[in-house]
Amino acid sequence: MGPQAEQRIARSHRILVVVWPLLAGLACAVMWATTLARAGGERERAQAQVRKDAGAYATAYEQYITRSVGQMDQVAMQLKYSWEHNQRGDLLGRLHRDGMFTDSAFTAVALVGRDGVVRSATRSPLRELNLSGTSFFSHHRNNISTALRVGAVPAELGLGQHAILFTRRLDTSDDEFDGVVVLAVDARYFTSFVGPETLGAHGLLALAAAEGRLRLEQGDGKLLPATPLWRGDAGVRLVENGFADHRARVLGWRRAQAYPLVAVVALSQDAALAGAQAYWIDNRNRAIIATAVLALLGACGALLSRRAALREREREEVRRAYRTATESANDGFYMAAAIRDRKGEIVDFRIVDCNQRGAAIYGLTRSELVGARVAQIDTSLFGADLMATYRQAMETGFHQDDRQMPSHDRVKIRWGRRRLVRVGNALAVTLQDISERKAHEQALERLANQDGLTGLASRNAFLQRLPAALEGARVRGHSLALLFIDLDEFKNVNDAHGHAAGDLLLKAASQRLKSLLRPSDEVARFGGDEFLVLLDPCGAERDIAAVAQRVVDALAAPFAIGEDLHAVGASVGIALYPRDGADVETLIRHADIAMYAGKNDGKGQYRFFDPTLSSSLRARARLKHDLVDAIEHDHLVLHYQPRVDPRDGRLLSMEALLRWRHPAHGMVPPGEFIPLAEATGLIGRIGQVVIEKACAQVAAWRDAGIPVVPVSINVSARQFRRGAVPRQLAAALERHRLPAALLEVEITESAMMGDHDEILADLAALRTMGIKLHVDDFGTGYSSLSQLQRLKMDVLKVDRAFTAELGKSREGRVFFQAIVSMAHALGMGVVAEGVETREQLAILLELGCGEIQGYLVARPVDGAAMADLMARRFLLDEDGRVGRSCPRVQAAMLQTRSGT
């Protein structure tokens, strides 16, 4: 070899001495850029994932709390039902011996009487304990609501602070306060939802009250600060310095929709990023090793030209290290080299390398996949979008996404996380199988957005979608209709046939609702037996009314549950957007008000919202509250109106008339509060008050030496229920030592007619006791002679409308004569109501009416005034004569006979 050739070789070696280190430095720069990009992406993914996990765990935990508290709600309701249906005594002792409440979750279960004393309990120390001074007892005694109350355990129970207290009001058969159901549940029942293996190191699970001081953490930790870190119904946030151990955590919370509780999950930021940190350390170490190798290659670059074999061996070692690293991974790995045309445009990619896992994902072997073009492999599976993604990754240098894989027998995964990194003229592609994680996320999403019983949208999902629907309606300028639907008699089905039958009925009702609606409409279960329907878009009011009527008709048809038919019916309230409200809360509240207005008017109907309904309901609620206060503070009084013999003016009996002496409004007419009492169930308590006061007054007159006569009381049809009236009358007569002949019962003819078996049985029981029965306001209802004969009523009280016609027309006399004749034929006495003139008295004497009542005799007076009247005769004229002997009465009779 000549000198020139040696120089050329030397020159080439000198150039290679510079070129190899430059190439090594460039490779290091690319490698570190890739490593840093991957590490940063992994850290961002970990941060995003921990926020998503915190929100998902909080949602799942909230659902768990709602279900768990719902179970306590059902237990409390069952105890309430057993207690209120005369299963008293040592009820809990019996249940405990039968295996109930043996679970360690029940710290204590007790039934507290109306006086605050524990009547029955699963723990002996609690029996006969007086809890009347506790806040929960005062709350239930002063509020008629039977809703479940959640709170902290009071010190009086001696159960410590690691428990949650569930209480529910007990009522008597007449809806009076009868005590409290108490369930003390170990807090671990609610905070052991998941363990540390799920939440990770330093993870935290807590249950807090939406309002109040109840705050329970998993285990014995005291990490939560005094001031809550959560605001609003739900959310996720990073708290770097808010916990007692000063650890940064990602906090997720969700407020329960059905109960005043907040589910809180806190995941350690450090634990969440541990994987990303380990990923970074691992890749950093690899990069350091690779940097050292490249530095060595650069330093030895001058020798590589003369030591080709050594260089080849070194490259082989690197390839073996790469193969070992990629083959040991669980992810699919591919190297795709770009194929360009003459203009430099990328037209395809060729798989130049892959690991066995990557080939298996496509259902191929490594030898079948390496060398194949991407277009040949994926066009039939993914289409043109895959090539576009690869080109974009070549332009930007990096691309990452989660992708649902095609349903194809060749592809072995359903969801993949794809990461593409440009390396020179190729892409390093990593495909991770995330199918299981995606399935878990979708299950959590379904759990949060779908009602588990009916399959309808959940309350939470409906409330989340409703604002967007309102905004869309606002933009398009059209209206929406919100229907609030409540099943009328669902509680009776639950109480009589159990919650299983109730659940089946709710499912069937939801299917009927869905069948009535258009695809664009939405229906959701709002809670319990309440549903919400959004009509989007809606037409005129008549169209909305037609839909509401279809809903009422559909739900009025009986439901076949097992072998039984259950008729429940529904009440529907309607609020229109934007007329009745521009936001979600207002629309739901107004639809609810309209629904209750329809329910108060008789159920089984629909109502559109009217602003007057709100004030009417508030006034009705105030009047009901005042009526309850009147019962408790003895503001109800009795006045008495005499009934006398028209022939001699002797006092024969009297009628007790109820009056309400309101401290602010004076005397409230019975016509205003009696219908309200019947609608709200207070008529039973008022009826007891009337019976007690009437018997006490008669006993007081007797003890004072005043000759007493029978007193009649008015009884509503709603008071006749399971023998309540006969029991109450018998107890009052025995308590005051009165004979049954001194008490008479008046009931309107309309109330006793028809197939009211309970009323008819009670009337028969009263006759057996010796109590006379009066048909009140006769002539205004729909009596039948056969019914009157079968019931064997004692007295007909002819309505004042017939009395007022006496002396005015011949027909009035004829009608009254027919009533008197019919009554005498049936062996019944006759009382004429509303007698106000001497002329009417004369006609009644001639017709043979045995008793009269009205302003001509006397107006209603209180007990003291009535005592003075009982000692004298009535209907006396100026000469001290009465009845037919009175000249004015005789003149009136002569005029009546002559037709004037």
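What you see is a predicted model, and the numbers here were worked out from it, not measured in a lab.
Note that CD of Gln63 is 11.0 Å distant from OG of Ser68, once rounded to the nearest 0.5 Å.
Taking all atoms of both residues into account, the shortest heavy-atom contact from Leu183 to Val75 is CD1-CG1, 4.0 Å. The shortest non-hydrogen separation linking Leu480 to Ala469 is CD1-O, 3.6 Å. When all heavy atoms of Arg169 and Lys80 are compared, the pair lying nearest together is O-NZ, 3.2 Å. Taking every heavy atom of both residues into account, Gly604 and Val552 meet most closely at O-CG1, 3.4 Å.
In this structure, Phe802 and Phe815 have perpendicular ring planes: the angle between them is above 60°, well past the 30° mark.
In this structure, the side chain of Asp776 does not engage the main chain of Glu746 through any donor-acceptor pair within 3.5 Å. Side chain of His140 to main chain of Val180: no donor-acceptor pair is present (N/O by atom type, distance under 3.5 Å, no hydrogens or angles). Side-chain atoms of Asp174 do not come within 3.5 Å of backbone N or O of Glu176 as any donor-acceptor pair.
Within a 6.0 Å sphere centred on CD1 of Ile144, other residues, nucleotides and ligands contribute 12 heavy atoms or fewer.
Neither side chain, Arg149 nor Thr167, offers a donor N or O lying under 3.5 Å from an acceptor on the other. Side-chain contact of Thr172 with Asp178: a donor-acceptor pair under 3.5 Å is absent, judged by distance alone.
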